[in-house]
There are 2 protein chains.
Amino acid sequence: MAATLHDVARLAGVSIKTVSNVIHEYPHIRPATRARVEQAIAELGYTPNLTARSLRSGRTGAIALAVPELGLSYFAELAAAVIEAAEEAGVVVLVEQTGGDRDRELELLRSPRLKMTDGLIFSPLGMGQDDVDRLEVPYPLVVLGERIFDGPADHVTMRNVEAARAATEYLLASGRRRIAIIGAHEGEVIGSAGLRLRGYREALDAAGVAYDESIIGHTTLWHRSNGARCMRELLDRGAEFDAVFGLNDTLALGAMRVLQESGRRVPEDVAVVGFDDLDEAGYSIPSLTTVDPGQAWIARTAVSTLMERIADPDAAGPPRLLLADFRIVERESAPADRLAPAAVPTR
Amino acid sequence: MAATLHDVARLAGVSIKTVSNVIHEYPHIRPATRARVEQAIAELGYTPNLTARSLRSGRTGAIALAVPELGLSYFAELAAAVIEAAEEAGVVVLVEQTGGDRDRELELLRSPRLKMTDGLIFSPLGMGQDDVDRLEVPYPLVVLGERIFDGPADHVTMRNVEAARAATEYLLASGRRRIAIIGAHEGEVIGSAGLRLRGYREALDAAGVAYDESIIGHTTLWHRSNGARCMRELLDRGAEFDAVFGLNDTLALGAMRVLQESGRRVPEDVAVVGFDDLDEAGYSIPSLTTVDPGQAWIARTAVSTLMERIADPDAAGPPRLLLADFRIVERESAPADRLAPAAVPTR
DNA sequence: GTGAAAGCGCTAACAT
DNA sequence: ATGTTAGCGCTTTCAC
């Protein structure tokens, strides 16, 4: 049905090699020949069959991105940034959702469907450090997130401990002393929750503030609804606090909502800080002070690192750990100075 | 490098056809042979080369989804639903972002990169009715959204006019009379903005309420920031209104934010209604009354319709228009009864 | 400057 | 029940 190189060659009265030369802009072609070929291509509406090209070249021009769920704004924004960076690099992106489920993640790593792509950017959520061997795969792989460290693949991620510590120090500096946590994972050591909680504790320790288990709210998936539920539980059990550190923005926003429903004023009674700097953090009431963990850089770096590995699969080199810079974004929910409202809301 | 059918066949001491038979679970294979082949497959870690399979079969097992931007929550949620539905149908999804730019949309439709997929689910934003011919493409195509009607491809979308009319009637029924609009597109007839505005006007007309250009806020891209800006402009020019209909949730949330900054109470002074029923609509302060336009159904239907066309490209049949059901989701920003607050916030 | 031909890894028709 | 073989459409080496 669709025209092939042969069809074009026949119509132009040349061989397929010549057509191929024209398509690949091989320099030494007689102008007349080139014109005839181009004419034939236009006439037939020829477009190369990329599957055939892939089979021959061993490259598909596609990469895969596996995230837990696009419904989670953090991953939607990550995917947007990855797709954009990939486009600049001339490749397309196949997006998979794992649901943060370990079995699906492991299955995905072994999936032959990946054969349709040149490499994978993988953001696991269900797998843990024990699964580190499973990252030994026969294709270029870049790992994101904080579920697994020191694996056999390049790893691009954020400075969770330092950033969470900075966020906590920010709250302490503004005069808060009882900082509740929303989103802790029971017993987790690594993982976003574990690392951010560690940063939190480091900041408390450094400031000589006691860690109080009673104001640590636990939840599993970082959905908005869980942030709300988690805050409700804290309030129900009579926890007292003057600040809340949501381990991500979605949790913080869900929690802030419940906080205000309960009659507490933000930031007057309770300051709230999130983590991620999602677009919507600038538009909540009040707008959310948060940590910008460098997601844009992470996306760009993940793509460029993967593309390097794809280009040069032999030049193995040791796996790299690449860490993004972060910064605190001050907004209304937690002004730097407890007494003064944030000067101008950052958008 | 990676093992091929030949490698497996050699190791198992059979022909590639036998290996192929085992892989495809062809029934008549001697158990001993099957065992030997399976053993060889495991030993070599063989996984089929999908590119080769695609070239041979003419199917890639992938579909493409083109949306303006995953950073827009509506499209993130759409993509999530499409990927999920696609997975159930056994295909993977390649996601492209067009930025809502007409040229990029047109280019994408012609792009040979689509040769890597079996079909396309396309949500245009820059193209208009004049470009309807460009949807005549040599591969299965399902169009979403409201930029183009009566095209040559199947079209899955929502009942914009009816839903917007229902939303407006809802506000009128609750006693509001001056309903401002956020997000109108100058002179647009079709398109989400144009259709929803039409529903709005129909409701006004039916109720005998005059249409007042001075409370129609215009903007282009439906970003949160534009909703905020648009509301600021309305307020700056002294517009007076007792309700706001944001033509989508993102706009409504941005607008609601500005409204409250200006000291107005929602819903007491101004009721706010959105459109889309995004996840976050349930967690704003106040939570957002909105229209659930049936996105989940749209995603499922788009995938199943596309899969049908892929399975049977000849059984052309006339292009179909498939419309989702909608419903008003009552939350706090616009209670059904102006005087009574919404009973229980819907989560 | 252009052509002929091999082969990427797989499927399926045909043969045994 | 299993083997042989001809392509799918392209790239690329090697001739001419």
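Each chain gets a letter, A, B and so on, in the order the sequences are listed, and its residues count up from 1.
In this structure, the separation between CD on A/Glu308 and CG on A/Asp154 is 8.5 Å, given to the nearest 0.5 Å. In this structure, A/Tyr46 OH and A/Ile23 CD1 are separated by 4.0 Å, a value rounded to the nearest 0.5 Å. Distance CE/A/Met116 to CG/B/Leu50: 6.5 Å, rounded to 0.5 Å.
Distance CG (B/Asn49) to P (D/dC8): 18 Å, rounded to an integer number of Å. A straight line from CG of A/Asn21 to P of D/dC14 spans 16 Å, rounded to a whole angstrom. For A/Leu50 and D/dG9, the CG to P distance is 13 Å, given to the nearest whole Å. Rounded to a whole Å, the CG atom of A/Asp7 is 13 Å from the C1' atom of D/dC10.
Remark: side-chain polar atoms of A/Tyr139 are paired, donor with acceptor, to backbone N or O of A/Leu109 under 3.5 angstrom.
Nearest heavy atom pair, residue A/Ala302 against residue A/Val142, reads O-CG2, 3.9 Å. Taking each heavy atom of A/Ala299 and A/Ala85 in turn, the nearest pair found is O-CB, 4.4 Å. Taking both residues in full, the closest heavy atoms of B/Ala52 and A/Leu55 are given as CB-CD1, 3.7 Å, listed atom of the first, atom of the second, then distance. The two residues A/Arg104 and B/Glu87 have their closest heavy-atom pair at NH2-OE1, 3.0 Å.
Close to D/dG9, at under 4.0 Å from its OP1 or OP2, lies no side-chain N or O of A/Thr51. A sub-4.0 Å separation between OP1 or OP2 of C/dG3 and a side-chain N or O of A/Thr18 is present.
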Expected output check: what is the dot-bracket annotation of DNA chain C, where ( ) and [ ] are pairs inside the strand (brackets for crossing ones), | is paired with another strand, and pairs are Watson-Crick or G-U under 3.5 Å? ||||||||||||||||
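Using a 4.0 Å cut-off on heavy atoms, none of the residues of residues 30-37 of chain A approach DNA chain D.
Evaluation of the side chain to side chain donor-acceptor pair (under 3.5 Å) rule for A/Gln129 yields no partner, not counting sequence neighbours. Contacts of A/Phe149 classified as ring pair (Phe, Tyr, Trp, His ring centres under 6.0 Å), with partners at least two apart in sequence or in another chain: A/His155.
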Within the 4.0 Å limit for protein heavy atoms, which parts of nucleotides 11-16 of chain C are touched? Write it as a string from 5' to 3', B for base, S for sugar-phosphate only, - for none. BBB---
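Nearer to the 5' terminus of DNA chain D, by closest-nucleotide assignment, is the contact made by B/Ser15 (compared with the other of B/Ser15 and B/Leu55).
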Name each donor-acceptor pair under 3.5 Å that joins a side chain in residues 66-83 of chain A to protein atoms two or more places apart or in another chain, with its distance.
{"from": "A/Glu77", "atom 1": "OE2", "to": "A/Asp279", "atom 2": "N", "distance (Å)": "3.1"}

